*Asks:* 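My structure is below; once you've seen it, I'll send some questions.
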Amino acid sequence: MARHDRTLVHGLWIGYVDVVRDWRTLKRDRVRLALLAGAGLFGTLYFGMLALVVQSKTAALAARADPSLPPVIGLLVTLLWLSTTAVFGQRAAVRTIDIDAPSLVLTSVRPRAVTIGVLSAEFLRGLAFVVLPVGILGVGFATGAGTSVPILTVPLVTVLFLTSSVCAGSAVGAAVAVWSRRARSKTGYVAGGLALLGALIVASVMARLSTTPELASGLPTSWYGDLFVVGTPIAASQTRAFGAVLGTVAIGYAGGSVTERFATQRWLDEMGANGNDQGAAAVGERSRPFPRLRGRIDRPTRYVAWRSLRRVKRDPTRLSHLGLPLLVGAWLLVDLARSTAGRSLLPIAVGLLGSWFVGGCLTLNPLGDDGAALPATVTSPVDGSQFVRGTALMSAIVGVPLLVATGSAVSIATSALPLALGLGLWIGVHGAAAIGIALAVGMRFPRFGAIRVSRRRTVVPPSLSAIVIYSMTVLSLGLVGVGALIGPRLLLHDGTAATIAQGASVLVWLSLDGGIGYGCYRTAVRRFDRYTLE
């Protein structure tokens, strides 16, 4: 028994140290800390208004003659559980189950203790993000229910909900990570990504079926709703509430065991495969970079572009930071396409989402992507112009033309021809500008690694500061361009004056967007030329 107690204590201590290091890293990154503080302030205002709605709805439900739990609550709980489990699974597959120095860690403590540390750290990170919304909405619910019992049940449900979600998601993510690592081709990553995001797809389908609430209310994942309202005037099933507690224990034990098994295999593979990976990379580096572009683009630029593409082909998880936002954006596009009123906005949405993706695909962390090879890159004869052009080459000659073709086709199908041409021009300019913005932001806020026990050294995602600043800049400029394109028509209606005003505003925006993109490109070049290794 003492042995198991020591394992548990060691695991919890590893998780605590991991979270403390995260916090210390965050305190040193003032930009990221300011962004999180701003998001917290906005979230407080938003959830405060939402708490008023929850209070009124809860009071109205409690005042009914038969205040039973509505089936839609079970649906919402199920959708939330599936979504959070998919997020934790994606994180486990990409980074959280990879530990720093596995040969040292695994000889110091048992693999089970390391697994407990990884899971507890992930639980504490998730808890840090949900404390604010759950606390505010819990106050609204308790006020509407007219009882203080939710002061105990809300934290209990939150802990149980996160525990089951973290354990289930980490088990799936660990299995995907091992499978993808051992697969000969990278199709394992594609299949694993589809499996991890399958929960979100199921959630989307469930949300669109009229009979889903009744079906979802019978699923075990909806039982947390019954536990949530225990002790309030709202009637709930005591059996389901008790089942939620037992189910969490079962999922926690099963998920932890599966995670331990696959994570241990992943750590052992990492300890023994470093030399083979380097040898395979060395063989591939002898290939000629893009021979068809010889004579039009100099060799150093082609080499940088080829190397960037090779990194992504060898490990597609480098693009994992784009996965969830891209999936949410794709859902919004589907909703706009299905709606008659929103169909006219479809080209704009395609342009914004496509520009954001093209700019952030390969260019949002150019220095961090080099990793251990960065000292050689900085001291090589490659200058800033060649490095920046090479990093942006694939996005510029492949991504932007595809984006323009897609956006133009959607514009022609949904808009008049003159407006469709204007939208196509807007999409092309904005997509090119997004590449320059991503380069400048990625150079200014690079990320070389994470200081924690669980990290992925071979794949370093862009920093949160770079992602947020880049996304806000691209979306803001895109919306300004949309206003310049359609604003004069809305204000002046049809006529010569509206046409002249529209042409002038579009030219001004094209000059502004193109100038910002080129200015960011030059900034990235100067940043590389002046970059020094610390």
Side-chain angles (χ1 to χ4, degrees), residues 289-290 293 297 300-323 325-326 329 351-371 373-374 377-378 382-404 427-448 459-478 513-531:
F290 301 120
L293 298 179
I297 299 176
T301 301
R302 287 186 287 119
Y303 177 78
V304 173
W306 173 78
R307 190 177 56 175
S308 300
L309 190 61
R310 288 279 298 178
R311 290 194 197 103
V312 177
K313 290 176 64 177
R314 282 198 293 262
D315 205 334
T317 53
R318 292 180 181 275
L319 306 181
S320 60
H321 62 283
L322 303 174
L326 189 63
L352 290 175
L353 181 62
S355 299
W356 174 84
F357 177 78
V358 168
C361 183
L362 300 173
T363 56
L364 201 51
N365 193 29
L367 296 177
D369 285 340
D370 261 29
L374 182 60
T377 301
V378 174
V382 177
D383 58 23
S385 297
Q386 293 170 333
F387 180 81
V388 172
R389 285 202 308 267
T391 304
L393 184 62
M394 287 294 100
S395 299
I397 67 175
V398 178
V400 173
L402 288 177
L403 175 62
V404 172
I427 291 173
V429 173
H430 192 51
I435 298 175
I437 295 171
L439 286 167
V441 174
M443 289 280 195
R444 178 62 182 82
F445 302 99
R447 183 173 183 176
F448 301 102
V459 178
V460 179
S463 65
L464 179 62
S465 303
I467 295 174
V468 172
I469 294 175
Y470 163 74
S471 301
M472 293 178 61
T473 304
V474 170
L475 294 179
S476 299
L477 282 176
D513 202 22
I516 292 176
Y518 181 74
C520 290
Y521 165 79
R522 296 305 306 171
T523 300
V525 171
R526 290 193 297 270
R527 177 75 177 175
F528 181 85
D529 288 333
R530 299 174 183 175
Y531 186 80

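The structure displayed is predicted, hence computed values, not measured ones.
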*Asks:* Per the salt bridge (charged side-chain N to carboxylate O under 4.0 Å, His left out) rule, what does the pair list look like for residues 389-399, sequence neighbours excluded?
*Replies:* D298-R389
*Asks:* Between S355 and G351, which heavy-atom pair has the shortest distance, and what is it?
*Replies:* OG-O, 2.7 Å
*Asks:* To the nearest 0.5 Å, what is the distance between OG (S395) and CD1 (I435)?
*Replies:* 5.0 Å
*Asks:* Does any pair with a residue in residues 436-446 pass side chain to side chain donor-acceptor pair (under 3.5 Å), and if so which ones, sequence neighbours excluded?
*Replies:* none
*Asks:* Ignoring hydrogens, what is the shortest heavy-atom contact between V474 and A434? Give both atom names and the distance.
*Replies:* CG2-CB, 4.1 Å
*Asks:* Using every non-hydrogen atom in the two residues, find where C361 and L322 come nearest and quote the distance to one decimal.
*Replies:* CA-CD1, 3.6 Å
*Asks:* How would you list, by chain and number, every residue that makes a side-chain hydrogen bond (donor to acceptor under 3.5 Å, both in side chains) with S471, sequence neighbours excluded?
*Replies:* W356
*Asks:* I'd like a table of donor-acceptor pairs (distance under 3.5 Å, sequence neighbours excluded) in which one partner is a side-chain atom from residues 516-525, with atom names and distances.
*Replies:*
unit_1, atom_1, unit_2, atom_2, d
T523, OG1, G519, O, 2.8
T523, OG1, R526, NH2, 3.4

*Asks:* Listed by chain and number, what are the side-chain hydrogen bond (donor to acceptor under 3.5 Å, both in side chains) partners of N365, not counting sequence neighbours?
*Replies:* none
*Asks:* For the side chain of Y470 and the backbone of L364, is there at least one donor-acceptor N/O pair under 3.5 Å apart?
*Replies:* no
*Asks:* Run through V388, T363, I297, L309 and flag the one making a side-chain contact (heavy atoms from CB on, under 4.5 Å) with L393.
*Replies:* I297
*Asks:* Can you give me the closest heavy-atom contact between G478 and H430, atom names plus distance?
*Replies:* N-CE1, 3.3 Å
*Asks:* Take T391 and L439 through the test side-chain contact (heavy atoms from CB on, under 4.5 Å) and record every step on the way to the result.
*Replies:* CA-CA 8 Å; T391 304; L439 286 167; 3.9 Å; yes
*Asks:* Compare every heavy atom of M394 with every heavy atom of A305, then report the nearest pair and how far apart it is.
*Replies:* O-CG, 4.5 Å
*Asks:* Determine the minimum heavy-atom distance between P401 and A396, stating which atoms define it.
*Replies:* CD-O, 3.3 Å
*Asks:* With sequence neighbours excluded, tell me which residues meet side chain to side chain contact (heavy atoms under 4.5 Å, CB included) with V382.
*Replies:* P300, V304, S380, Q386, F387
